[in-house]
Engineer: 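Handing you a structure now.
Chain letters run A, B, ... following the sequence lines, proteins first and then strands; every chain starts at 1.
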Amino acid sequence: MPELPEVEFARRSLERWFEGRQLVRTEAEPGARTFRDCDLGIFKALKGSLVGIDRKGKYLMVRFSNKLGFVGHLGMTGKFLKRAPGEEVKWSRARFVLDDGEVIHFQDMRLFGRIDAVPAVELEGRPAVAKLGVDPLGDGLSVERLQEALSGSNQELKVALMDQERIAGLGNIHAAEALFRAKLHPERSVASLSPPEWKALVKGIQATIAFALDVEGDGEEIAYVEEGAPNPFLVYGRAGTPCRKCKTLVKSFTQAGRTTHFCPTCQPKQRRVDGDQMRKRPRARRYRG
DNA sequence: ACCGCTGTTCTCCG
DNA sequence: TCGGAGAACAGCGG
């Protein structure tokens with residue numbers, strides 16, 4: 001379930017697995033779409049110790065001591081797994097063989113993921129990476145940063161949050177979760193947000209990312225994707241079940257081709273002017289964006 | 001058995 | 001230039 005938190009988890013896992021080890025060989029699954037834009041000669045030449053891994057949004061930039069590296073994207077079903085020598089991994093598309101014989105697999109059932117090996121100095125300049133917007137974790141998010149990132153957007157709020165060139169890292173799940181936490185309807189316009197709502201949105205984004213990172217297990221993937229695990233989310237995937245806060249049934253609808261989940265009561269389409277807010281702001285003046 | 005759904009990004013239209 | 005639709009792929013549940 002690769003959105004920002006899952007990719008960050010992958011980054012940390014890879015750092016740990018490569019630590020103190022040498023990459024001695026790589027293997028590419030012949031014909032795999034994973035390498036559709038990749039110079040396989042460079043991929044096969046990856047070697048040495050891990051210099052470091054950066055993450056921007058959902059992209060990983062991995063560099064090795066022989067001055068080569070790769071840009072990785074997990075797509076919808078990509079994940080890195082470390083396995084013992086000789087162990088079979090279904091849907092393994094790329095393999096990184098370590099000097100102790102252990103193998104790091106890039107497993108990707110649906111082949112939406114990609115690996116693009118390039119000279120290390122070119123990693124940041126790859127078009128896909130260069131276009132990315134602000135990263136809520138790495139760059140730090142503030143009201144000013146978020147407003148700037150979203151400024152000029154005519155998209156509905158959730159769609160704008162998923163625009164990787166504005167904010168990099170939120171996908172369908174965490175965009176919906178952030179909006180629920182901020183009590184904002186997914187179809188609100190960017191321009192309609194009041195200052196308190198901007199603040200709530202920043203906090204909502206940070207909270208949903210922090211939550212996802214927090215529940216990660218010590219295994220090889222984040223705990224909540226384990227089979228049989230109960231849905232840990234507030235609204236995502238919970239259509240027809242009671243809102244965890246108010247018991248109203250969670251609803252879903254299609255927005256820009258994706259299913260959006262929200263609570264009609266906690267996230268009213270019209271801006272709420274509730275008692276608390278009125279008390280704090282007796283002169284109920286309208287905010288304009 | 002078939003249909004529709006699924007976390008992503010990209011390309012092609014109007 | 002922008003937004004939406006469809007494609008790329010494989011599996012799963014109803």
Side-chain angles (χ1 to χ4, degrees), chain A residues 1-11 29-38 55-61 71-80 89-94 106-116 126-133 135-136 150-180 186-187 189-191 205 208-209 211-213 215-216 220-229 231-240 251-261:
Chain A
M1 316 181 47
E3 296 184 27
L4 187 154
E6 296 76 27
V7 180
E8 174 62 17
F9 183 76
R11 192 191 70 77
E29 190 69 18
R33 274 175 45 80
T34 310
F35 301 99
R36 50 199 171 277
D37 295 325
C38 181
R55 181 195 52 75
K56 180 128 192 189
K58 303 170 192 170
Y59 285 84
L60 291 173
M61 288 151 283
V71 173
H73 193 290
L74 303 178
M76 287 178 80
T77 53
K79 60 183 69 164
F80 288 98
V89 171
K90 205 174 182 185
W91 306 305
S92 171
R93 313 299 185 184
F106 178 64
Q107 180 198 53
D108 186 14
M109 178 181 77
R110 283 178 70 185
L111 291 165
F112 287 11
R114 55 176 53 203
I115 286 176
D116 197 1
R126 292 273 101 184
V129 174
K131 283 189 303 189
L132 293 173
D135 184 282
L150 298 188
S151 72
S153 174
N154 296 315
Q155 308 266 54
E156 292 167 350
L157 198 45
K158 170 163 176 275
V159 182
L161 287 180
M162 290 173 62
D163 182 344
Q164 302 300 302
E165 297 184 26
R166 295 182 176 278
I167 313 182
L170 298 180
N172 203 34
I173 294 177
H174 290 296
E177 293 291 295
L179 288 170
F180 174 81
E187 286 180 310
S189 73
V190 170
I205 292 168
T208 191
I209 291 170
F211 168 78
L213 284 173
V215 295
E216 73 191 24
E220 53 210 11
E221 32 187 299
I222 291 181
Y224 63 69
V225 302
E226 298 289 339
E227 207 154 334
N231 180 347
F233 299 115
L234 298 170
V235 286
Y236 176 80
R238 302 192 65 246
K251 282 191 153 181
S252 69
F253 66 103
T254 298
Q255 191 178 19
R258 314 294 302 280
T259 303
T260 293
H261 300 264

Engineer: Less than 4.5 Å apart, side chain to side chain, heavy atoms only: is that true for A/P186 and A/L157?
Structural biologist: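 The answer is no; the side chains never approach within 4.5 Å.
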
Engineer: Run through A/H261, A/E177, A/K158 and flag the one making a side-chain hydrogen bond (donor to acceptor under 3.5 Å, both in side chains) with A/N172.
Structural biologist: A/K158

Engineer: Starting at CG of A/D163 and ending at C1' of B/dT8, how long is that distance when rounded to a whole Å?
Structural biologist: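 Rounded to whole Å, this separation is 14 Å.
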
Engineer: Angle class for the A/F233/A/H174 ring planes (parallel below 30°, perpendicular above 60°, tilted otherwise)?
Structural biologist: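 Perpendicular.
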
Engineer: Considering only atom P, compute the distance from C/dC12 to B/dT9 and round it to an integer number of Å.
Structural biologist: 23 Å

Engineer: Please work out the stems of DNA chain C from pairs that are Watson-Crick or G-U wobble with both distances under 3.5 Å, keeping only runs of three or more consecutive pairs.
Structural biologist: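 Stem segments, range with range: B:2-6 with C:10-14, B:8-14 with C:2-8.
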
Engineer: Checking A/E3 side chain against A/I173 main chain: does a donor-acceptor pair fall under 3.5 Å?
Structural biologist: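 Flag set: sc A/E3 to bb A/I173 pair under 3.5 Å.
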
Engineer: Would you mind reading off the distance between A/K131 atom NZ and B/dT11 atom C1', rounded to a whole angstrom?
Structural biologist: 11 Å

Engineer: What is the distance, rounded to the nearest whole Å, between atom CG of A/D116 and atom P of B/dC10?
Structural biologist: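 So the two atoms are 11 Å apart, to the nearest Å.
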
Engineer: Establish, from distance only, whether the side-chain atoms of A/Q255 and A/T260 form a donor-acceptor pair under 3.5 Å.
Structural biologist: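 Note: A/Q255 and A/T260 side chains meet the donor-acceptor criterion.
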
Engineer: Round to the nearest Å and state the distance from A/Y236 atom OH to B/dT8 atom P.
Structural biologist: 8 Å

Engineer: Tell me whether the OP1 or OP2 atom of B/dC10 has a side-chain N or O from A/R36 closer than 4.0 Å.
Structural biologist: no

Engineer: Output the rounded distance in Å from CG (A/D37) to C1' (B/dC10).
Structural biologist: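 Taking CG of A/D37 and C1' of B/dC10, I get 10 Å after rounding.
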
Engineer: Taking the same atom, P, in C/dA7 and in B/dC3, what whole-Å distance lies between them?
Structural biologist: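 Roughly 15 Å separates the two P atoms.
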
Engineer: Give a yes/no answer on whether the side chain of A/T77 brings an N or O atom under 4.0 Å of OP1 or OP2 in C/dG11.
Structural biologist: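 No, no such contact exists.
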
Engineer: Given A/D135, which partner from the list A/K56, A/K58, A/R55 fulfils the side-chain hydrogen bond (donor to acceptor under 3.5 Å, both in side chains) test?
Structural biologist: A/R55

Engineer: Just the rounded figure in Å: distance from C1' of B/dT9 to CD1 of A/I167.
Structural biologist: 17 Å

Engineer: When the P atoms of C/dA5 and B/dC5 are considered, how many whole Å apart are they?
Structural biologist: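 Rounded to whole Å, the distance is 14 Å.
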
Engineer: For the pair made of CZ in A/R258 and C1' in B/dT6, what is the distance, rounded to whole Å?
Structural biologist: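 The distance from CZ of A/R258 to C1' of B/dT6 comes to 9 Å, rounded to the nearest Å.
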
Engineer: Using a 4.0 Å heavy-atom cut-off, write out nucleotides 3-9 of chain C from 5' to 3' as B (base contacted by protein), S (sugar-phosphate only) or - (no contact).
Structural biologist: S----BB

Engineer: From CD1 of A/I173 over to P of B/dT6, roughly how many Å is that when rounded to an integer?
Structural biologist: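 After rounding, the gap between these two atoms is 11 Å.
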
Engineer: Do you know the tightest heavy-atom contact between A/E29 and A/F35?
Structural biologist: N-CE1, 4.0 Å

Engineer: Donor-acceptor pair, A/S252 side chain versus A/T259 backbone, under 3.5 Å?
Structural biologist: no

Engineer: Is the shortest side-chain N to carboxylate O distance from A/D108 to A/R33 below 4.0 Å?
Structural biologist: no

Engineer: Looking only at side-chain N and O atoms, does A/H73 come under 4.0 Å of OP1 or OP2 in B/dT9?
Structural biologist: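 A/H73 to B/dT9 OP1/OP2: side-chain N or O found under 4.0 Å.
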
Engineer: Decide yes or no for A/D163 and A/L150: does some side-chain heavy atom of the first lie under 4.5 Å from some side-chain heavy atom of the second?
Structural biologist: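 Of all side-chain heavy-atom pairs linking A/L150 with A/D163, none is under 4.5 Å.
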
Engineer: Which whole number of Å gives the distance between the P atom of B/dC12 and that of C/dC9?
Structural biologist: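 Roughly 16 Å separates the two P atoms.
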
